[in-house]
Amino acid sequence: MSGDHHDDALISRRVRRLETLLEEKGVLSGGALDEVIDAFLSGASPANGARVVARAWTDPAFRSRLLADGTAAVRELGFMDGSYQRLRVVENTEALHNVIVCTLCSCYPLRLLGPSPSWYKSESYRSRVVREPRAVLAEFGLGLPADTEISVWDSSAETRYMVLPRRPAGTESLDETELAALVTRNALIGTAAV
């Protein structure tokens, strides 16, 4: 078992105890804490990841920086400030398709992909995508050629992953905003092509 993963139940109990102590000591009210959490989540959206992808599709220098150091590159666009996790971006190619999972919990780049879908947290997805990724992707409607290699990346508390999908053919005339509108959260996880 990897030391990178955490026990969600243990973390939840610790967080709740910390919240209670802050409230009891008068440092922070429950309402103020809710406001901080709501503000954090209001900036969490798959539209952020889509903007990152669109920039990578249109700016080769940014794409290179993104693949070399995802955390630093997305900070250029104002994402992941204050985040302690490392972001690694993996690129889909004609010969390679990447898919993301967190096998022990549901570690996920929330600020770039928004709240995780329920299927991502399910035990079925977490176990099956590692054993039979091609079958799981087919269930999502993503059929890949038999000779396409599939890499499964296991997120952790310290390292989160995001897929850089392949740019669709025929999109050369689209600007970044139009390109970003094509990118789905599932593509950023790897369960869709775009």
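- Between W119 and Y125, the two ring planes are perpendicular [angle over 60°; tilted spans 30° to 60°].
- Partners of A50 under the side chain to side chain contact (heavy atoms under 4.5 Å, CB included) rule, at least two apart in sequence or in another chain, are A180, V183.
- T71 and R75 are not linked by any side-chain donor-acceptor pair at a separation below 3.5 angstrom, with hydrogens and angles left out of the test.
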Review point. Run the side chain to side chain contact (heavy atoms under 4.5 Å, CB included) check on S151 and V90 step by step: do they pass?
Key: CA-CA 9 Å; S151 287; V90 291; over 6 Å; no

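- Residues F62 and A73 come closest through the heavy atom pair CE1-O, 3.3 Å.
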Under 3.5 Å, which donor-acceptor pairs do the side chains of residues 185-194 form with other protein atoms, sequence neighbours left out?
{"from": "R185", "atom 1": "NH1", "to": "P115", "atom 2": "O", "distance (Å)": "2.9"}
{"from": "T191", "atom 1": "OG1", "to": "N186", "atom 2": "O", "distance (Å)": "3.4"}

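- By the salt bridge (charged side-chain N to carboxylate O under 4.0 Å, His left out) test, R65 is found to be paired with E76, residues two or more places apart in sequence or in another chain being considered.
- N92 places no side-chain N or O within donor-acceptor distance of the main-chain N or O of R166, the cut-off being under 3.5 Å.
- Contact check for T184 versus P46: no side-chain heavy atoms found under the 4.5 Å cut-off.
- The OG atom of S118 sits 13.0 Å away from the OH atom of Y120 when rounded to the nearest 0.5 Å.
- Between P60 and T58 the shortest heavy-atom distance is CD-O, 3.7 Å.
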Practice item. Take W57 and L164 through the side chain to side chain contact (heavy atoms under 4.5 Å, CB included) test and state the conclusion after the steps. Key: CA-CA 9 Å; W57 284 346; L164 175 58; 4.1 Å; yes

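- With sequence neighbours left out, R51 forms a side chain to side chain donor-acceptor pair (under 3.5 Å) with no residue at all.
- Heavy-atom minimum distance, S155 versus C102: O-SG, 3.5 Å.
- Counting heavy atoms from C-beta outward, M162 and L87 have side chains that approach closer than 4.5 Å.
- Within the model, atoms CG of L182 and CG of L174 stand 6.0 Å from one another, a figure rounded to the nearest 0.5 Å.
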Exercise for review: Assess whether side chain to side chain donor-acceptor pair (under 3.5 Å) is satisfied between T171 and R167, documenting all intermediate values.
Suggested key: CA-CA 8 Å; T171 61; R167 184 174 177 165; 2.9 Å; yes

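- Follow the hydrophobic side-chain contacts under 4.5 Å out from Y161 and you reach L77 in the same cluster.
- Heavy atoms from other residues, nucleotides or ligands lying under 6.0 Å from CD of E94 number 12 at most.
- Side chain of R134 to main chain of G143: no donor-acceptor pair is present (N/O by atom type, distance under 3.5 Å, no hydrogens or angles).
- Not a single side chain to side chain donor-acceptor pair (under 3.5 Å) links R88 to another residue, sequence neighbours left out.
- In terms of heavy atoms, G70 sits closest to V89 at CA-CG2, 4.2 Å.
- By the 4.0 Å N-to-carboxylate-O rule, R55 lies close enough to E176 to be salt-bridged with it.
- R63 has a carboxylate O that lies under 4.0 Å from a charged side-chain N of E91, or vice versa, which qualifies the two as a salt bridge.
- For residues 138-148, the set of pairs meeting the side chain to side chain donor-acceptor pair (under 3.5 Å) definition, not counting sequence neighbours, comprises R128-E139.
- The hydrophobic cluster containing V130 also contains V136, counting ILVMFWY residues as joined when their side-chain heavy atoms lie under 4.5 angstrom apart, directly or transitively.
- More than 12 heavy-atom neighbours from other residues, nucleotides or ligands sit within 6.0 angstrom of CD on E172.
- Here CG of L104 is found 10.5 Å from CD of E123. Values are rounded to the nearest 0.5 Å.
- Residues V163 and P165 approach most closely at O-CD, 3.2 Å, considering heavy atoms.
- Listed here is the closest heavy atom pair of L137 and H97: CD1-CD2, 3.8 Å.
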